[in-house]
Amino acid sequence: MGTRIEDVSGGTKANDILLRDFTSKFRSGYKRVFPLGDSGKRSGKGYLLPDYFCDYEKQIREMEIRPDDVWVASYPKTGTTWTQEMVWCIGNDLDFEAAKSTILPLRFPFIDFSCLFDFETQPAEALNSSFYDFLKNSVNFTINMKSPRYIKTHLPYELLPEQMKSKNTKIIYVARNPKDTCVSYFHHARLIEGYRGSFEDFIELFLQDSVSYSPFWDHLVSYWEHREEANVLFLKYEEMKRDLPSVIRKVSKFLGKEQLNDKDMKTLCDHLSFDSMKTNSSVNYEFAVDKTQNLGLSQGEQRFMRKGKVNSWKEEISPDVAERFDAWIENNLNGL
Ligand code: PPS
């Protein structure tokens, strides 16, 4: 399955906002990426991705998959980091010492990071860090990791490496309700992605499928369609908030690990609690936030671990806008 890629240019409200407020020193522009079906016809509305995706698409599509790879996939801001830490700890027999001493991007790299940011043309200071290789080329970094590899991606199912489909690679997808996702994405965009626009404009972008990795629903459905396959596990952020131990049991079974005893379960749940992850510098991306702030590319004042709640959108989205969201949700769920 290949892709057809189109330039994103101005002329619509969403595209104008995107090009005005969501390009920067490290983000040159955007493309619409249409996966081509078996018949060679393009399908869906096309995924919005930064220009840099084109530099890595072929390498990602053709990368070699190993039988013991474990992938965590998600739309941005849906609980990826939380899921990664859970999966890594279970997969590594609760080695909390290693989890704390090595930052998550080095243990569990985000393969498509370089599709989002151009750090190569940034001042040397931006790259002068222990994870230089990752920042410079996250795809090479991930490909060259030792086994077993733990890999994060925000790419939709259709844009994953070709071999994943035949090699039954383990994929854990995490989903979250779109209103909380959108609010979290807005703060993240200001904090880390150089977005300079208003909250209202961000909502316009989100509802017009015009932030990176959107359309939200096509992304979710691309994995949902595979949820019954033995190598795919579909999780929800809200379910993790409601009953983390039962999700841990599900993940342990999925990874072929023994079930945890009560004491280990409690230790792991404590390690994964929001309060603990908020102060755990291995997973809270403080170094990335500081770096973006030092480079003057951040407009945000929050931290990566912001609220960690279900339905906190109610504090920021007005009833009128919530109604617009509901109509959008209904429209998109129609027929599913
Ligand atoms: S990213 O940048 O796409 O990888 O972000 P992602 O990790 O997917 O999502 C970040 C949101 O997840 C929240 N989070 C948690 N919630 C509850 N418990 C724990 N342990 C936890 N860890 C991360 C994080 O706070 C972001 O959500 P918001 O709503 O912004 O607080």
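Atom set for the values below is all heavy atoms of this structure, side chains included, hydrogens, waters and symmetry mates excluded. Both ligands and their constituent atoms are indexed starting at 1 by order of listing.
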Among all protein heavy atoms, pick out the one at the shortest distance from [atom]; state its residue, atom name and that distance to 0.1 Å.
atom	answer
atom 2 (O) of ligand 1	Lys77 NZ, 3.0 Å
atom 17 (C) of ligand 1	Tyr237 OH, 3.3 Å
atom 22 (N) of ligand 1	Met305 SD, 3.4 Å
atom 26 (C) of ligand 1	Ser184 OG, 3.7 Å
atom 24 (C) of ligand 1	Phe304 O, 4.1 Å
atom 20 (N) of ligand 1	Leu272 O, 2.9 Å
atom 4 (O) of ligand 1	Lys152 NZ, 2.9 Å

| Is Ser74 in contact with ligand 1, taking contact as a heavy-atom separation below 4.0 Å? |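 No, Ser74 has no heavy atom closer than 4.0 Å to ligand 1.
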| task | Check if Thr78 has a non-hydrogen atom at a distance under 4.0 Å from any atom of ligand 1. | result |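 A heavy atom of Thr78 does come that close to ligand 1.
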When you measure from [atom] to each heavy atom in [options], which option holds the nearest one?
atom	options	value
atom 8 (O) of ligand 1	Thr80, Val72, Thr81, Val310	Thr80
atom 29 (O) of ligand 1	Lys309, Arg176, His187	Arg176
atom 21 (C) of ligand 1	Tyr285, Phe274, Trp313	Phe274

Counting from 1, what ligand 1 atoms have a heavy atom of [X] closer than 4.0 Å?
X	result
His188	2 (O)
Pro76	3 (O)
Ser273	20 (N)
Met277	20 (N), 22 (N)

| message | Tell me whether Trp82 has any N or O atom under 3.5 angstrom from an N or O of ligand 1. | response |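 Between Trp82 and ligand 1 (N or O atoms, distance only) the closest approach is under 3.5 Å.
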Using a strict cut-off of less than 4.0 Å between a Lys/Arg side-chain nitrogen and an Asp/Glu carboxylate oxygen, indicate whether [X] and [Y] qualify as a salt bridge.
X	Y	answer
Glu193	Arg27	yes
Arg324	Glu204	yes
Lys170	Glu229	no
Lys45	Asp218	no
Lys266	Asp262	no
Lys309	Asp180	no

[X] and [Y]: side chain donor to acceptor below 3.5 Å:
X	Y	result
Tyr237	Thr181	no
His219	Ser214	no
Tyr157	Glu225	no

| What is the ring orientation for Phe117 with Phe113, classed by angle as parallel under 30°, tilted 30 to 60°, or perpendicular over 60°? | tilted
| message | Restricting to side chain to side chain contact (heavy atoms under 4.5 Å, CB included), what partner residues turn up for Leu48, sequence neighbours left out? | response | Val8, Leu18, Tyr30, Arg32
